[in-house]
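Written below as structure tokens is the structure these notes are about.
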Amino acid sequence: MDKGLLIQKIKDGTVIDHIPPGKALFVLKILGIDENTREIVSFAMNVPSSKIGIKDIVKVENRVIGEEELNKIALIGRDVTINIVQNYDVVKKFKVKLPSEVIGVVKCPNPSCISNTSEPVSYRFVVVDGRLKCHYCGKIISKDVEKWIVKEDVKREKIK
Ligand code: CTP
């Protein structure tokens with residue numbers, strides 16, 4: 001193993017790199033990686049990076065995650081880089097890009113919002129100037145978006 005390489009290179013799968021330090025667990029949550037996941041998943045937190053000082057990194061083996069799903073990671077950090085690995089080579093590399101709408105992933109912080117009632121509506125935000133604005137009540141999440149990311153079971157329930 002290379003000196004300083006904390007997690008082994010993977011043969012096939014998706015590497016999520018340049019995650020802001022300490023935020024890897026939120027990335028797992030966005031991707032729905034939980035106790036039901038069967039793929040090999042490795043991650044490291046607070047590792048040195050020549051590009052951003054300190055970073056987190058997540059590697060999911062044998063799974064090519066869709067670009068739409070990966071772009072939701074931009075909620076956590078705009079410099080996150082995705083590497084698709086095939087037979088040990090990086091065959092595709094791109095930076096995540098915040099989508100224009102975020103559905104089912106983030107809960108509205110407004111307890112009176114219709115999306116927090118028993119009405120059958122998904123959590124739904126539009127992205128305005130890089131910030132999330134609730135489609136229903138207009139509440140804007142200006143910081144700590146990760147606090148409002150919902151768990152996989154809630155997500156499934158909420159995407160109707
Ligand atoms: N990686 C991996 N398994 C592979 C190939 C790459 O886990 N078979 C990981 C590397 O450890 C690295 C990331 O994927 O964290 C990107 O790899 P690469 O493009 O080779 O590295 P850099 O050139 O340093 O990438 P960047 O310029 O995006 O920092």
Side-chain angles (χ1 to χ4, degrees), residues 1-107 109 122-133 140-159:
M1 195 159 62
D2 293 357
K3 189 167 179 275
L5 191 66
L6 279 176
I7 350 177
Q8 274 183 344
K9 299 231 172 200
I10 61 171
K11 181 166 184 281
D12 295 290
T14 305
V15 175
I16 301 145
D17 201 0
H18 307 137
I19 303 167
K23 308 281 187 191
L25 297 175
F26 295 112
V27 169
L28 299 180
K29 208 167 168 187
I30 288 177
L31 298 179
I33 293 170
D34 61 15
E35 68 273 25
N36 298 312
T37 299
R38 292 290 163 257
E39 289 96 2
I40 299 174
V41 177
S42 44
F43 68 94
M45 291 170 73
N46 303 319
V47 297
S49 155
S50 54
K51 288 215 172 88
I52 60 169
I54 313 173
K55 68 175 181 181
D56 285 8
I57 185 162
V58 171
K59 301 187 183 189
V60 185
E61 291 187 44
N62 298 320
R63 180 172 154 203
V64 176
I65 306 168
E67 203 156 325
E68 200 180 313
E69 200 176 353
L70 290 164
N71 277 334
K72 292 174 187 157
I73 300 171
L75 292 167
I76 298 300
R78 309 292 152 90
D79 289 323
V80 173
T81 313
I82 307 298
N83 300 273
I84 308 296
V85 176
Q86 276 173 14
N87 203 19
Y88 291 105
D89 288 333
V90 174
V91 294
K92 189 175 176 192
K93 186 188 282 283
F94 63 94
K95 264 197 183 179
V96 292
K97 191 168 162 276
L98 201 58
S100 55
E101 256 200 332
V102 176
I103 297 173
V105 182
V106 176
K107 177 184 161 73
S122 306
Y123 296 124
R124 187 167 166 192
F125 289 85
V126 283
V127 177
V128 183
D129 298 330
R131 295 188 305 176
L132 296 186
K133 182 178 178 194
I140 288 175
I141 307 183
S142 45
K143 58 178 181 129
D144 301 334
V145 178
E146 57 269 24
K147 233 170 77 180
W148 303 102
I149 294 170
V150 294
K151 281 174 48 188
E152 190 56 19
D153 49 348
V154 179
K155 217 187 289 176
R156 251 182 250 121
E157 167 90 351
K158 272 294 179 183
I159 300 179

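Because only heavy atoms are used, hydrogens play no part in the values below, and waters and symmetry mates are left out as well, while side chains stay in. For ligands, and for the atoms within them, numbers begin at 1 and follow the listed sequence.
For the salt bridge (charged side-chain N to carboxylate O under 4.0 Å, His left out) test with Asp17, the passing option among Lys55, Lys59, Lys51 is Lys55; the others fail.
More than 12 heavy-atom neighbours from other residues, nucleotides or ligands sit within 6.0 angstrom of CD1 on Ile52.
Residue-level proximity to ligand 1 for Ile10 is carried by backbone and side chain together, each with a heavy atom below 4.0 angstrom. Neither the backbone nor the side chain of Ile7 comes within contact range of ligand 1; no heavy atom lies under 4.0 Å. Looking at Lys11 against ligand 1, nothing comes within 4.0 Å, counting heavy atoms.
By heavy-atom distance, the residue among Val90, Ile52, Val85 lying nearest atom 17 (O) of ligand 1 is Val90. Which of Asp89, Val15, Thr14, Thr81 comes nearest to atom 14 (O) of ligand 1 through a heavy atom is settled by distance: it is Val15.
Looking at Ile16 and Thr14, their side chains come closer than 4.5 Å, going by heavy atoms from C-beta outward. Using a 4.5 Å heavy-atom cutoff, the side chains of Ile65 and Ile82 are not in contact. Looking at heavy atoms from C-beta onward, Leu98 lies in side-chain contact with Arg78 at the 4.5 angstrom threshold.
For ligand 1, one of its N or O atoms has an N or O atom of Lys59 under 3.5 Å away. Polar contact with ligand 1: present for Tyr88 (N/O pair, distance under 3.5 Å). The N/O atoms of Lys51, backbone and side chain alike, include one that comes under 3.5 Å of an N/O atom in ligand 1.
At a threshold of 4.0 Å, the pair Glu67-Lys92 counts as salt-bridged, since one of the basic side-chain nitrogens sits closer than that to a carboxylate oxygen.
Distance check for atom 19 (O) of ligand 1: a protein heavy atom is found below 4.0 Å.
Residue His18 has at least one heavy-atom neighbour below 4.0 Å for each of these atoms of ligand 1: 26 (P), 28 (O), 29 (O). Distances below 4.0 Å separate heavy atoms of Ile57 from the following atoms of ligand 1: 15 (O).
With hydrogens and angles ignored, the 3.5 Å screen pairs a side-chain donor or acceptor of Asp34 with a backbone N or O of Asn36. Using a distance-only test at 3.5 Å, with no hydrogens or angles considered, a donor-acceptor pair links the side chain of Lys29 to the main chain of Ile149.
For atom 25 (O) of ligand 1, the nearest non-hydrogen atom of the protein is Lys93 NZ, 3.0 Å. Nearest protein neighbour of atom 12 (C) of ligand 1, counting heavy atoms only, is Asp17 OD2, 3.8 Å.
Note that CZ of Arg38 is 14.5 Å distant from CG of Asn62, once rounded to the nearest 0.5 Å.
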